[in-house]
Each structure stands twice: as C-alpha cells, then as structure tokens.
Amino acid sequence: MDIRAPKGTDDILPPESHLWRHAVTTFDNLAQRYGYGLTLTPLFEQTELFARGVGEDTEVVEKQMYTFADRKGRSLTLRPEATASVVRAYLSGGGDGVFKGSYSGPMFRYERPQKGRRRQFYQVGVEYIGEAGPFADVEVIELGYRYLQEMGVPDVAVQLNSIGDVADRQTFRTVLQEWLRERQELLSPDARRRIEGNPMRVLDSKADTEVTADAPTPAEFLGSDSAAHFAVVRSGLERIGIPYVIEPRLVRGLDYYNRTVFEYVPRQYGAAQSAVGGGGRYDGLAEVLGGRPTPGVGLAMGLDRILLASDGVDLGPLLDAFIVVAEPGNTSDAVGLASRLRLEGWRIDIDPGGRSVKAQFRKADKKDARAAIVVGTEWVDNEVVVRDLARGVQEVIPVEEIGQWLTNR
RNA sequence: GUGGCCGUAGCUCAGCUUGGUUAGAGCGCCUGGUUGUGGUCCAGGAGGUCGCGGGUUCAAAUCCCGUCGGUCACCCCA
C-alpha cells in the first residue's frame, strides 16, 4: 500500500471512533441545553473571509492556510477556524437580532504536526452573536467548562483576561509599541518583526517572557465601559461557581478578539499544546466582514486535545446482543431474528459465516456485547438461550420475551 | 520555517556497537483443548521486500551516503 493519509491527518476507526462520536453528541446535547442551534457552514470559504476576519498579521493567515484556486481561478481556503464562517453565515442570512449557533467538524491548518496538533483537527464550538452584554460571555465560558467536565478532563483552569474595546486596544497598542521599540535589541527576531504589525502578540510569546515580564498589560488601559463589562463577567462566573484565574498576558492570536478572552488549560497536562479550548468576544468582526456592527462572543474546543487530556469516559457496552448461530441450519432464522430486534431499536450484531460457536462467543465478547442470544435446537419451540455476558449466567426464554429480557438487564 | 529522535511481523519493540548458518519476543489475529458458550489458562498456526535507492564487502537488518516517511519539541495555536 503506497497511498497513505496526508501528513498530519488521521484515520479514526472503531473502537476509538466511538469516543469521538460521544464527544460530538455530548457537545450537541450540551449546546442544545444552552439554547444553541446546529449551524453548518462550508468547509471552505473565499480566502478573503479568513484574511480579513482572522487578520492578515496573524500566524494562521500568514503561513497556515490551505489555500487553493478552483477551476475558475477563485481563491478558496479550507477553514482554519469556524467563527468567521458562522458570522458570515449570520450576516448572509439577514444578520438581525440575537443568534446562538453551535458547530462541530474539522478545521485545517498547514503546520508541522506534533502531539495534539494535526493539519486536519476537530473542533466543537458555539457563537453567541448580537448580544453585547457580559452575561453572554459568562454563558459561553460556562458552557465550555461544563463540557470539559462531562468529557472527563480533570482540573481545568479557566484563564481569563480582558484586552479592552477597540479604543482601549488602540491606546494600549501605541504604548506597548513604544515600550517594545525601546527594548528591540533584547527581543527575539520574531518579536521584533511583530512590533509594527501585531505588538500584542509579543506578550504571550514564550521566547520573550523575560524581557516582557514588566511590560504594560491591557488591563492598565481598560476604559470604564470595558472595566465594568469585565467586572460583571468575573462576578457572573463566581456566582455560578466557575473557577477562573486572571492571566494578564493572555491576548490570543486572532485579530478579531476584543474585551473578554479566555482559554481552558488542564493542570498537569504533559503535552506542549496545553490549551484545550479558548475563545473570546469579537465585537468588531461583523463590521470587518462588511456587515453592520454586531457584537458577539464565542468559543472553540479542540477535540483532539480534549481526548488526550481526558481521564476517559465510560461508554458502556457497544452492542445490546450478539446473536450466536448454533448450527448452520439456524442461520436463516438467526438472521431473521437479528432483523426483527434491530427494527425494534436494539443494537445487534451477528456472524452468519458458519464459524464455531466458540468463535462466535469470542466475537461477541470482542465486540463488547451485553448479551449473547443463541439460536439453536430450542428454536423449534420458539425459544432461545439468552446469556448475560458480564455475569456469565444464562437462561432459556421464549423468543417474544427477548426484548423484555434485554430491557431488564 | 528550525532542531532532536526513530523507521525490523497488524501493534509495541529486541537484534545493529564487535557484518556471517532457517531474523526474534510480547500483544493482537486464526485454530484446537471431543459432547452447541466468551472474557482466564494451555497448545498449535498464519504473518516480515528488516522504509526505499545506491555504495563498501566473499558476505549487510547490522558499516557509509542519499532519499522518503514517522515522531517529539520550538514558533504559534484548538
């Protein structure tokens, strides 16, 4: 086999894929409980959407996008994230009122793969569009935190910061730029390059932590509105019992953020890519994309990293029963029984290949079935043997009682 | 884009330093341990161009060069 999956992509097969399905359905259910509706957007968009939405000076747009020309020469890009798409979809649909959307699916970034970083990776997320008030921030942050709890990710720290509104950022940016220019020769080449284009990102660069230890932080430049907003976000989180820590240097890498930004970081997590999720407010994004000014706040969580950080979740047995064909002559009856039980909604598998009873039981075990149903000599009396595989006990019951028997297990 | 480590059975690896008869282990897989019964145990079996190409040598998984691939880290992000 000389054709393999492209660099940085993975095949996710059973049984591991069951965990992924669980991750997605858990998120779907949670988002529904918070009033978010499923929002499906294209996996590729006009390149312009990300260039403008995410920001020309960001790492993502500068060198991580999968961009290609289609047959008519249009520049398209596989989505590196979903927020810009959802906001675009909101605006395309009229862009009126409050919109709460959730999504899940693959994102694409051209990077050197490593642990917890793939070229095709999977995110779940929500966007709360059209609401400027701080309780939207609180709700989004809470939802992400609850999700990590449900996914068995232990000891999650919510790192929180406010980088101010557009005006605050402008003031801060100017001051920070000045401060950085004075220390240019101490900074890494990357950081020096960013002074003009995107000075805030120097702050959370690990290479320059020593130099920037006493640099000005966004918090010192919050206007009264932003400060009040942030105060309510914090008290709101405390009110519902979501623990957080203020991280003054957290600024995040995408240009569209303003005011509240946050990340979820599991403590004691070995891999280098520590954040399993993050998000923030993006009140200016809609305008950048050509829509009317619309506030918004959102969240994205990386499934790959969540599953790495998770202690594990118990999915329970994958099959309700495995049907064992005791003699070749019973195959047709057994297949018929499987059909009926599946129609009733039970998860049933069967091996009609004429293997030994022993082999079929082995398979029942391997397939993680709760029970085995043996179709054998009792069939002429309309009976089967039902065996509880976990307990190792079995009994003979009439065929029509199988459903009842499975229900009571 | 930069750097470290690694490519031997489906998976995880040993063997390579001191080149030499049929290349090993564990797990997994298949079959069996008589009478229709799994998960434990026991026995047997299938399965390998030693990533690929070239070189050195009487002889290369083992030494040298190249190449492709994987992996981890930096940068940055989910």
Side-chain angles (χ1 to χ4, degrees), chain A residues 1-2 4-8 10 13 54 57-64 79-83 104-125 144 148 188-191 193-194 198 201-202 204-208 250-254 262-266 270-279 298-309 317 322 324-330 351 355-379 384-394 396:
Chain A
M1 188 64 184
D2 53 349
R4 52 191 134 210
K7 191 183 187 73
D10 293 300
L13 307 172
V54 175
D57 289 324
T58 60
E59 192 86 0
V60 169
V61 172
E62 272 175 6
K63 49 182 212 184
Q64 298 181 344
R79 63 180 187 189
E81 58 107 46
T83 299
S104 62
M107 308 294 161
F108 308 86
R109 292 184 197 174
Y110 190 93
E111 307 178 84
R112 285 280 279 273
Q114 59 180 295
K115 197 177 191 68
R117 165 179 295 157
R118 315 265 75 197
R119 288 184 171 182
Q120 174 170 336
F121 60 105
Y122 295 82
Q123 287 189 339
V124 296
L148 292 172
S188 65
D190 276 344
R193 202 164 37 76
R194 287 185 192 122
N198 202 339
R201 279 173 61 220
V202 179
D204 61 359
S205 162
K206 290 170 201 159
D208 297 287
L250 177 65
V251 298
R252 297 184 55 77
L254 310 184
F262 56 93
E263 285 184 359
Y264 302 92
V265 182
Q273 283 63 244
S274 51
V276 297
L299 151 82
M301 317 275 290
L303 288 190
D304 310 63
R305 293 184 184 179
I306 287 173
L307 294 180
L308 281 172
F322 193 94
V324 173
V325 186
E327 345 222 340
N330 294 129
D351 174 6
R355 268 167 268 275
S356 70
V357 171
K358 186 193 202 72
Q360 292 181 70
F361 265 90
R362 274 207 258 261
K363 185 163 279 186
D365 198 60
K366 215 158 37 205
K367 289 264 196 163
D368 202 15
R370 294 160 57 204
I373 299 172
V374 181
V375 177
T377 53
E378 306 85 350
W379 187 259
V384 293
V385 174
V386 286
R387 180 176 178 85
D388 183 321
L389 289 172
R391 295 186 205 169
V393 295
Q394 64 187 44
V396 180

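All values below come from the heavy atoms of this structure, side chains included, with hydrogens, waters and symmetry mates left out. Order of the sequence lines fixes the chain letters, A, B, ..., with proteins taken first and strands second; residue numbering starts at 1 for each chain.
Comparing the C1' positions of B:U67 and B:G28 gives a spacing of 33 Å, expressed to the nearest Å. For the C1' atom pair drawn from B:C13 and B:U71, the interatomic distance equals 15 Å after rounding to whole Å. Between B:G47 and B:A9, the distance separating the two P atoms is 15 Å to the nearest Å. For the P atom pair drawn from B:C50 and B:C5, the interatomic distance equals 25 Å after rounding to whole Å. B:C27 sits 30 Å from B:C63 when the P atoms are compared, rounded to a whole Å. Taking atom P on both nucleotides, B:A25 is separated from B:G44 by 12 Å, rounded to a whole Å. Taking the P atoms as reference points, B:U18 lies 31 Å from B:G10, given to the whole Å. Nucleotides B:G20 and B:C64 place their P atoms 15 Å apart, quoted to the nearest Å.
A:Gln394 contributes a side-chain N or O that forms a donor-acceptor pair with the base of B:U37 under 3.5 Å. With hydrogens and angles ignored, no donor-acceptor pair closer than 3.5 Å exists between the side chain of A:Asp365 and the base of B:G39.
Figure legend. B:C74 is base-paired to B:G1; pairs are counted as Watson-Crick or G-U wobble with both atom distances under 3.5 Å. For B:C41, the paired base is B:G33 (Watson-Crick or G-U wobble, both distances below 3.5 Å). In this entry B:U67 has B:G51 as its Watson-Crick or G-U wobble partner, both defining distances falling under 3.5 Å. Of all nucleotides present, none satisfies the Watson-Crick or G-U wobble test against B:U56 with each distance under 3.5 Å.
When the side chain to side chain contact (heavy atoms under 4.5 Å, CB included) test is applied to A:Glu111, the partners found at least two apart in sequence or on another chain are A:Gln64, A:Arg109, A:Arg117. Under the side chain to side chain donor-acceptor pair (under 3.5 Å) criterion, A:Arg387 pairs with A:Gln394, not counting sequence neighbours. For A:Lys366, the side chain to side chain donor-acceptor pair (under 3.5 Å) criterion is met by no residue, not counting sequence neighbours. Residues passing the side chain to side chain donor-acceptor pair (under 3.5 Å) test with A:Arg355, sequence neighbours excluded: A:Asp351. The ring pair (Phe, Tyr, Trp, His ring centres under 6.0 Å) test applied to A:Tyr122 returns A:Trp20, not counting sequence neighbours. Among residues two or more places apart in sequence or in another chain, the side chain to side chain contact (heavy atoms under 4.5 Å, CB included) test is passed with A:Ala390 by A:Asp388. Taking A:Lys358 as the reference, nothing meets the salt bridge (charged side-chain N to carboxylate O under 4.0 Å, His left out) condition, with sequence neighbours excluded.
Between the C1' atom of B:C29 and the NZ atom of A:Lys363 lies a distance of 11 Å, rounded to the nearest Å. Whole-Å rounding puts the A:Met301 CE to B:A78 P distance at 12 Å. When rounded to the nearest whole Å, the span between CZ of A:Arg387 and P of B:G39 equals 11 Å. Taking atom CZ on A:Phe108 and atom P on B:A78, their separation rounds to 16 Å, with Å as the unit. Taking atom NZ on A:Lys115 and atom C1' on B:A73, their separation rounds to 12 Å, with Å as the unit. Distance CG (A:Asp304) to C1' (B:C77): 12 Å, rounded to an integer number of Å. Between the CG atom of A:Asp351 and the C1' atom of B:G38 there is a distance of 14 Å, given to the nearest Å. A:Glu81 has its CD atom 19 Å from the P atom of B:C76, to the nearest Å.
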Given A:Leu299 and A:Phe262, is the side chain to side chain contact (heavy atoms under 4.5 Å, CB included) satisfied, shown in steps?
CA-CA 9 Å; A:Leu299 151 82; A:Phe262 56 93; 3.8 Å; yes
List, with names and distances, any nitrogen or oxygen atoms from the protein found under 3.5 Å away from nitrogen or oxygen atoms belonging to nucleotides 2-6 of chain B.
from: B:U2; atom 1: O4; to: A:Arg112; atom 2: NH1; distance (Å): 3.1
from: B:U2; atom 1: O4; to: A:Arg112; atom 2: NH2; distance (Å): 3.2
from: B:G3; atom 1: O6; to: A:Arg112; atom 2: NH2; distance (Å): 2.9

Can you tabulate the close N/O pairs, meaning under 3.5 Å, that link protein atoms to atoms of nucleotides 31-33 of chain B?
none

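Contact between A:Phe121 and A:Pro80 at its shortest, heavy atoms only, is CZ-O, 4.0 Å.
Residue A:Lys7 holds its NZ atom at 6.0 Å from CZ of A:Arg119, rounded to the nearest 0.5 Å.
The pair A:Asp304-A:Arg118 does not meet the salt-bridge criterion, since no charged nitrogen lies less than 4.0 angstrom from a carboxylate oxygen.
For the OP1/OP2 pair of B:U71 and a distance below 4.0 Å, the side-chain nitrogens and oxygens of A:Gln114 include no atom meeting the criterion. Look at A:Arg370 and you won't find any side-chain N or O under 4.0 angstrom from OP1 or OP2 of B:G39.
For the pair A:Val325 and A:Val375, the minimum side-chain heavy-atom distance is 4.5 Å or more.
With B:U37, B:U71, B:G70 as the choices, the nucleotide that has an atom nearest any side-chain atom of A:Lys7 turns out to be B:G70. Here B:C76 is the nucleotide among B:U37, B:C76, B:C72 with the atom lying nearest to any side-chain atom of A:Glu111. Picking from B:C76, B:C72, B:G38 the nucleotide with the shortest atom distance to the side chain of A:Arg118 gives B:C72.
Within 4.0 Å (heavy atoms only), A:Ala390 reaches at least one base atom of the nucleic acid. Among the atoms of the strands shown, none is found under 4.0 Å from any heavy atom of A:Glu327. A:Gly392 comes within 4.0 angstrom of a base, heavy atoms only.
Positionally, the nearest nucleotide of RNA chain B for A:Gly376 lies more toward the 5' end than for the other of A:Gly376 and A:Lys63. Closest-nucleotide positions on RNA chain B for A:Val393 and A:Lys366 were compared, and the one nearer the 5' end corresponds to A:Lys366.
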